[in-house]
Asker: 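Below is a structure I'd like to ask you about.
Each chain gets a letter, A, B and so on, in the order the sequences are listed, and its residues count up from 1.
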Number of protein chains: 2
Amino acid sequence: MSHPGDTPVRRPSKGERTRTRILESASALFSRSGFHAVSLRDIAAHAGLTHAGLLHHFPGKEALLLELLGHRDRADAQGLFPTALDADAPEPSPEQWLSRLLDVVARNSTTPGLVALYANLSAEAADPEHPAHDYFVHRYRVVREGTARALGALFAAADPPVTDDPDAVAVQLIALMDGLQTQWLLEPDAVDMPAQLRALLRRYGVDPDPAARVSA
Amino acid sequence: MSHPGDTPVRRPSKGERTRTRILESASALFSRSGFHAVSLRDIAAHAGLTHAGLLHHFPGKEALLLELLGHRDRADAQGLFPTALDADAPEPSPEQWLSRLLDVVARNSTTPGLVALYANLSAEAADPEHPAHDYFVHRYRVVREGTARALGALFAAADPPVTDDPDAVAVQLIALMDGLQTQWLLEPDAVDMPAQLRALLRRYGVDPDPAARVSA
DNA sequence: CGCGAAACCTACCACTTGGTTAATTCTTCA
DNA sequence: TGAAGAATTAACCAAGTGGTAGGTTTCGCG
């Protein structure tokens, strides 16, 4: 059935498997309590090994965190954020960009853990000494630029062109995504994140929902 | 010059002074790195005493945090958020409520430390086990309700009445405040918080700036 | 199978954590 | 001034931290 060399989907080695198990555990625990509050022993235990065993796969706690962040971005890049963090790949259309943003939010609504991780870290990372500081500065910059570009195109193409500054609205949109998460994490029932985002976009004369775009 | 009993401004006792010194230090350090990442020894050293000395004034780390939060709210209550967190005191007018929100934001723009404190804590506090969890749930609820009330009144009174759901817009407004802070902390120059908030309000047909309200 | 390498564990290190105790110094006010 | 009480300390504790050293098991492949 499976000819060797035919399908390059060989079973990952044991090391690779535990490595991803560790990353999953780290994600889960960092999400619950933040970076500083979680110990390597916690993560290791959750992944089913000793903390010394964990340190065989990652040089240290900090490296584990950064690996996790990159890993997550790469997952997002598959179909969600190609250009944002992966470099190259063709620039998506403005509509695509926005609907991808909404996709990320919608998917986030199902994974409070990951959302909490980013909320926690982006707050901690305001300290320039924090290991993830540069990562977040860069990340926001990239997402902001892409969103501003998309908004600028849509604003110009709108029937009565929208005069708002795309950069400012981009900041606003991303801020809304983050702020909604804070409230949603504290009281999930009090906030409908995707609906709120769509509401804001509609206020700016932009409707990213393809289902609702009939006469465009 | 100062008759005893005339002015009730007696010099605070040594205990009271160090107590506030401790609170100030705790605020500064929690702001930089969050609750879990700061030790009582750090705070005590910053305040100029031993951690044992600190524990003479506060029963524990957790109590210190809650005291800090309450302290902060009481300071905000003087002229900014009377009803929100202080109970009683007459409900301010809708315009007042919004302009107070803007005042808080404007003042926050000058104190990154405090902003970072709340950003950090509200993220950490998503964990129901966190000592400040209940505090933040309650806080958001109160601010949300007040803002929704104010927006509802303004929407109804607008020339062509605004049809948006005040509750939803309240969530949005507060989310924007929080989210802007995240980006502002990472890159202060990239975000003008008060301007952004005013922009959103204007989009909803509300202008909270008294200087700009001529024909109302 | 057999053997080298990767994976993993036990035991340890130096250090930090929040908190306690008991003794000592400093304030305060009658 | 003097004594009660508040303020503060040094010393200590048990528990936990990230990280290391060195040995043992397990994997994977020729």
Side-chain angles (χ1 to χ4, degrees), chain A residues 2-5 8-26 29-30 32-68 120-121 124 127 129-132, chain B residues 2-5 8-26 29-30 32-68 120-121 124 127 129-132:
Chain A
S2 71
H3 306 253
V9 283
R10 71 177 199 290
R11 181 164 188 246
S13 73
K14 180 155 199 252
E16 292 171 298
R17 270 179 285 143
T18 52
R19 239 186 94 93
T20 67
R21 244 172 46 230
I22 291 172
L23 283 173
E24 284 166 4
S25 297
L29 296 186
F30 283 155
R32 262 201 275 288
S33 324
F35 176 67
H36 288 297
V38 172
S39 73
L40 290 182
R41 282 169 173 87
D42 294 338
I43 300 169
H46 189 277
L49 35 57
T50 334
H51 89 289
L54 187 157
L55 285 168
H56 171 73
H57 295 274
F58 299 91
K61 198 186 182 186
E62 189 165 314
L64 174 56
L65 171 65
L66 294 177
E67 186 93 4
L68 217 180
N120 258 309
L121 285 181
E124 286 184 359
D127 183 346
E129 304 292 318
H130 195 283
Chain B
S2 74
H3 306 253
V9 282
R10 70 176 201 290
R11 179 160 189 252
S13 72
K14 180 155 200 248
E16 292 171 297
R17 269 179 286 143
T18 52
R19 237 186 95 93
T20 68
R21 243 172 47 230
I22 291 172
L23 283 173
E24 284 166 4
S25 298
L29 296 186
F30 282 155
R32 261 200 276 287
S33 324
F35 177 67
H36 287 300
V38 172
S39 73
L40 291 182
R41 281 170 174 86
D42 294 337
I43 300 169
H46 189 276
L49 35 54
T50 333
H51 87 291
L54 187 156
L55 285 168
H56 172 73
H57 295 273
F58 299 91
K61 198 187 182 187
E62 189 165 316
L64 174 58
L65 170 65
L66 295 177
E67 186 94 4
L68 217 183
N120 258 309
L121 286 182
E124 284 185 358
D127 183 347
E129 305 291 319
H130 196 284

Asker: So do the side chains of R19(A) and E67(A) get within less than 4.5 Å of each other, counting heavy atoms only?
Answerer: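 Of all side-chain heavy-atom pairs linking E67(A) with R19(A), at least one is under 4.5 Å.
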Asker: Any side-chain N or O of S39(B) under 4.0 Å from OP1/OP2 of dT16(C)?
Answerer: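 For dT16(C), neither OP1 nor OP2 has a side-chain N or O of S39(B) closer than 4.0 Å.
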Asker: So, taking the atom named CD in E24(A) and the one named CG in L68(A), what distance separates them when rounded to the nearest 0.5 Å?
Answerer: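 Separation between the atoms: 10.0 Å.
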Asker: So, is K61(A) near the phosphate of dT17(D), with a side-chain N or O under 4.0 Å from OP1 or OP2?
Answerer: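 For dT17(D), OP1/OP2 do not have a side-chain N/O of K61(A) under 4.0 Å.
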Asker: For F30(A), which residues count as a ring pair (Phe, Tyr, Trp, His ring centres under 6.0 Å) partner, sequence neighbours excluded?
Answerer: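 Expected list: F35(A).
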Asker: Check if the side chain of R41(B) and the base of dG18(C) share a donor-acceptor pair of N or O atoms closer than 3.5 Å.
Answerer: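 Between dG18(C) and R41(B), which were checked side chain against base, a qualifying N/O pair under 3.5 Å is present.
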Asker: Quick one: I43(A) CD1 to dG16(D) P, roughly how many Å, whole number?
Answerer: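 Between P of dG16(D) and CD1 of I43(A): 16 Å.
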Asker: Separation of K14(A) atom NZ from dA6(C) atom P, in whole Å?
Answerer: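 In whole Å, dA6(C) P lies 14 Å from K14(A) NZ.
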Asker: Starting at the 5' end of DNA chain C, which residue's closest nucleotide do you reach first, H36(B) or G15(B)?
Answerer: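 Mapping each residue to its closest nucleotide by heavy atoms, the 5'-most match is H36(B).
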Asker: Side chains of H130(B) and L65(B): does their closest heavy-atom pair fall under 4.5 Å?
Answerer: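 Heavy-atom side-chain distance check passes, below 4.5 Å.
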Asker: In whole Å, I'd like the distance from the CG atom of L29(A) to the P atom of dT17(D).
Answerer: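 After rounding, the gap between these two atoms is 12 Å.
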Asker: Taking the side chain as everything from C-beta on, heavy atoms only, tell me whether L64(A) gets closer than 4.5 Å to L23(A).
Answerer: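 With C-beta onward as the side chain, the pair touches.
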Asker: Once rounded to the nearest 0.5 Å, what's the spacing between atom CG of L121(B) and atom NE2 of H36(B)?
Answerer: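 Rounded to the nearest 0.5 Å, the CG-NE2 separation comes to 9.0 Å.
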Asker: Could you check R17(B) against G60(B) and say which one's nearest nucleotide on DNA chain C is further toward the 5' end?
Answerer: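 Of the two residues, G60(B) wins.
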Asker: To the nearest 0.5 Å, how far apart are NE2 in H46(A) and CG in L29(A)?
Answerer: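 The NE2 atom of H46(A) sits 5.0 Å away from the CG atom of L29(A).
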Asker: Phosphate oxygens OP1/OP2 of dG28(D): is one of them under 4.0 Å from a side-chain N or O of S13(A)?
Answerer: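 For S13(A), the contact criterion (side-chain N or O under 4.0 Å from OP1 or OP2 of dG28(D)) is not met.
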Asker: Near DNA chain D, which residues from residues 48-58 of chain B have a heavy atom under 4.0 Å away?
Answerer: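 Within this stretch, L49(B), T50(B), A52(B), G53(B), H56(B), H57(B) sit under 4.0 Å of the strand.
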Asker: Considering heavy-atom distances to DNA chain D, does R21(B) or F35(A) have its closest nucleotide positioned more toward the 5' end?
Answerer: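 By nearest-heavy-atom nucleotide position, the 5'-most residue is R21(B).
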Asker: Rounded to whole angstrom units, what separation is found between the CG atom of L40(A) and the P atom of dC15(C)?
Answerer: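 Roughly 19 Å, once rounded to whole Å.
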